[in-house]
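In what follows, a single structure is set out as structure tokens and then discussed.
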Amino acid sequence: MSKLYFRYGAMNSGKSTALLQAAFNYEERGQRVLVAKPAVDTKGDTAIVSRLGFQRRVDFTVTPDEDIYEKFAAQRSRVLKSTGLPVSCLLVDEAQFFTEGQVDDLLRIAILEGVPVLAYGIRTDFQTVAFPGSRRLLEIAHSIEELKTICRCGRKALFNARKVGDRYIFDGDQVAIDGVDVTYESLCGTCYLEESGGVLNSGRRPRSEFSYPSGPDADFS
């Protein structure tokens, strides 16, 4: 049985490079792959671009209201008609931007169509909240692998901090594609808390602002 794989990591952990390498490995052996990404990811337009400068045009993009199973089937038929070869793997970048239903369809593609699906993405947003697509992948993927990168301090990076210019931002929409105005920096937990003033989510207060009951009659139920 083919499987659904989720390979996640903080920003700049080499996810796109790993995807492009996987595609190369398949094609070097004469096999065909399909590469896709969510349409909301406008970085690189219709291409996947790695930090190392490598890029590849995707075979199709998917909007939140589109049927990814249907689009996959159409592209697979196109490949079979033009090359006479079946699709050996589906690779998707920025998988965090897929809806939960689209992630469910990635699992169906792997199981029902017998095509391995390799999904790459980040786990949480700049407020440390899981993206719906990533949360669903963590729930149902057959295999989960973390791709690691380092923080500015040398520790393993865990979170994705959003910056506008040189200023860290901890409020705003969940999705803001990095570009001229918005950039992201991978931080470890310690550095993230230093920059956020102890806040892990803009809707919650820092731990230091909470008062806890104490004494023999304290109720922690």
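None of the values given here were measured: they were computed from a predicted structure.
None of Arg162, Met11, Glu185 except one satisfies the side-chain contact (heavy atoms from CB on, under 4.5 Å) rule with Phe126; the exception is Arg162.
When side chains are defined from C-beta on, Asp93 counts as touching Ser16, because their heavy atoms get closer than 4.5 Å. Side-chain contact between Leu118 and Leu19 is absent, with no heavy atoms from C-beta onward closer than 4.5 Å. Two residues are said to be in side-chain contact when any heavy atoms from C-beta on lie closer than 4.5 Å; Asn160 and Ile122 meet this criterion. Contact annotation: the side chain of Phe131 never approaches that of Thr124 to less than 4.5 Å [non-hydrogen atoms, C-beta and beyond]. Within the 4.5 Å cutoff, no side-chain heavy atoms of Val58 are placed close to those of Phe60. In this structure, the side chains of Glu194 and Thr190 come closer than 4.5 Å at one or more pairs of heavy atoms.
Listed here is the closest heavy atom pair of Ala110 and Leu4: CB-N, 3.9 Å. When all heavy atoms of Ile150 and Gly154 are compared, the closest pair comes out as CG2-O, 4.1 Å. Closest approach of Leu187 to Cys151, counting heavy atoms only: CA-SG, 3.7 Å. Closest of all the heavy-atom pairs between Val87 and Val115 is O-CG2, 3.9 Å. The two residues Ser13 and Leu147 have their closest heavy-atom pair at CB-O, 3.3 Å. The heavy-atom pair separating Ala23 from Arg56 by the smallest distance is CB-NH1, 3.6 Å.
Although no hydrogens or angles enter the test, the distance criterion places no donor-acceptor pair under 3.5 Å between the side chain of Asp105 and the main chain of Arg108. Here the side chain of Thr128 pairs a donor or acceptor atom with the backbone of Leu200 at under 3.5 angstrom. Checking side-chain atoms of Ser143 against main-chain N and O of Tyr5 turns up no donor-acceptor pair under 3.5 Å. For Lys148 (side chain) and Leu158 (main-chain N/O), no donor-acceptor pair under 3.5 Å exists by modelled atom type. No donor-acceptor distance shorter than 3.5 angstrom exists from the side chain of Gln31 to the backbone of Cys89, with no hydrogens or angles considered.
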One pair to check against side chain to side chain contact (heavy atoms under 4.5 Å, CB included): Leu85 and Leu80. What are the steps and the verdict? CA-CA 5 Å; Leu85 296 172; Leu80 184 61; 5.7 Å; no
What verdict does the side chain to side chain contact (heavy atoms under 4.5 Å, CB included) test give for Val92 and Tyr120, after you've listed the backbone C-alpha separation in whole Å, the side-chain angles of each residue and the deciding distance to 0.1 Å? CA-CA 6 Å; Val92 295; Tyr120 296 79; over 6 Å; no
Would you check, one step at a time, whether the test salt bridge (Lys or Arg N to Asp or Glu O under 4.0 Å) holds for Glu195 with Arg152? CA-CA 13 Å; Glu195 297 295 345; Arg152 64 194 183 193; 2.8 Å; yes
Set out, in order, the CA-CA distance, both residues' side-chain angles and the distance that settles side chain to side chain contact (heavy atoms under 4.5 Å, CB included) for Thr183 and Val164, then state yes or no. CA-CA 6 Å; Thr183 59; Val164 175; over 6 Å; no
Yes or no on side chain to side chain contact (heavy atoms under 4.5 Å, CB included) for Val35 and Ile48, after CA distance, side-chain angles and deciding distance? CA-CA 9 Å; Val35 179; Ile48 292 174; 3.3 Å; yes
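To the nearest 0.5 Å, the span separating CD1 on Ile68 from OG1 on Thr99 amounts to 8.5 Å. We find the CG-CD1 distance between Leu34 and Ile109 to be 9.5 Å, quoted to the nearest 0.5 Å. To the nearest 0.5 Å, atom OG of residue Ser186 and atom CZ of residue Phe159 are 11.5 Å apart. Summarising the geometry, atom CZ belonging to Arg32 is positioned 9.0 Å from atom OG belonging to Ser88; distances are rounded to the nearest 0.5 Å. Here CG of Leu90 is found 11.0 Å from OG of Ser2. Values are rounded to the nearest 0.5 Å. Put simply, CZ on Arg155 and SG on Cys188 are 4.5 Å apart, with the number rounded to the nearest 0.5 Å.
A salt bridge links Lys71 with Glu66: the closest approach of a Lys/Arg side-chain nitrogen to an acidic carboxylate oxygen falls below 4.0 angstrom. Salt-bridge check for Glu145 with Arg7: passed, with a basic side-chain N closer than 4.0 Å to an acidic carboxylate O. A salt bridge links Arg136 with Asp104: the distance from a Lys NZ or Arg NE/NH1/NH2 to an Asp or Glu carboxylate oxygen falls below 4.0 Å. The existence of a salt bridge linking Glu146 and Arg123 is excluded, since no basic side-chain nitrogen approaches an acidic carboxylate oxygen closer than 4.0 Å.
Counting heavy atoms of neighbouring residues, nucleotides and ligands inside a 6.0 Å radius, atom CD of Glu70 does not exceed 12 of them.
Between Phe72 and Tyr69, the two ring planes are perpendicular [angle over 60°; tilted spans 30° to 60°].
With hydrophobic clusters built from ILVMFWY side chains whose heavy atoms lie under 4.5 angstrom apart, Ile140 shares a cluster with Ile144. The cluster map of Ile, Leu, Val, Met, Phe, Trp and Tyr, joined by side-chain heavy atoms under 4.5 Å apart, puts Val62 and Leu137 in the same cluster. Follow the hydrophobic side-chain contacts under 4.5 Å out from Val129 and you never reach Leu138; the two are in separate clusters. In this structure, Val79 is a member of the same hydrophobic cluster as Val117, with clusters built from ILVMFWY side-chain heavy atoms closer than 4.5 Å.
No side-chain N or O of Thr149 forms a donor-acceptor pair with one of Asn12 less than 3.5 Å apart. For the residue pair Gln102 / Glu100, no side-chain donor-acceptor distance below 3.5 Å is found, with atom types taken as modelled.
A salt bridge (Lys or Arg N to Asp or Glu O under 4.0 Å) check over residues 73-91, counting only residues at least two apart or in different chains, returns the pairs Asp59-Arg78, Arg76-Glu113.
Proximity of the aromatic rings of Phe170 and Tyr192 is defined here by a centroid distance below 6.0 angstrom, and this criterion is met.
Both the sub-6.0 Å distance and the 45° axial angle are satisfied by Lys163 relative to the ring of Tyr168.
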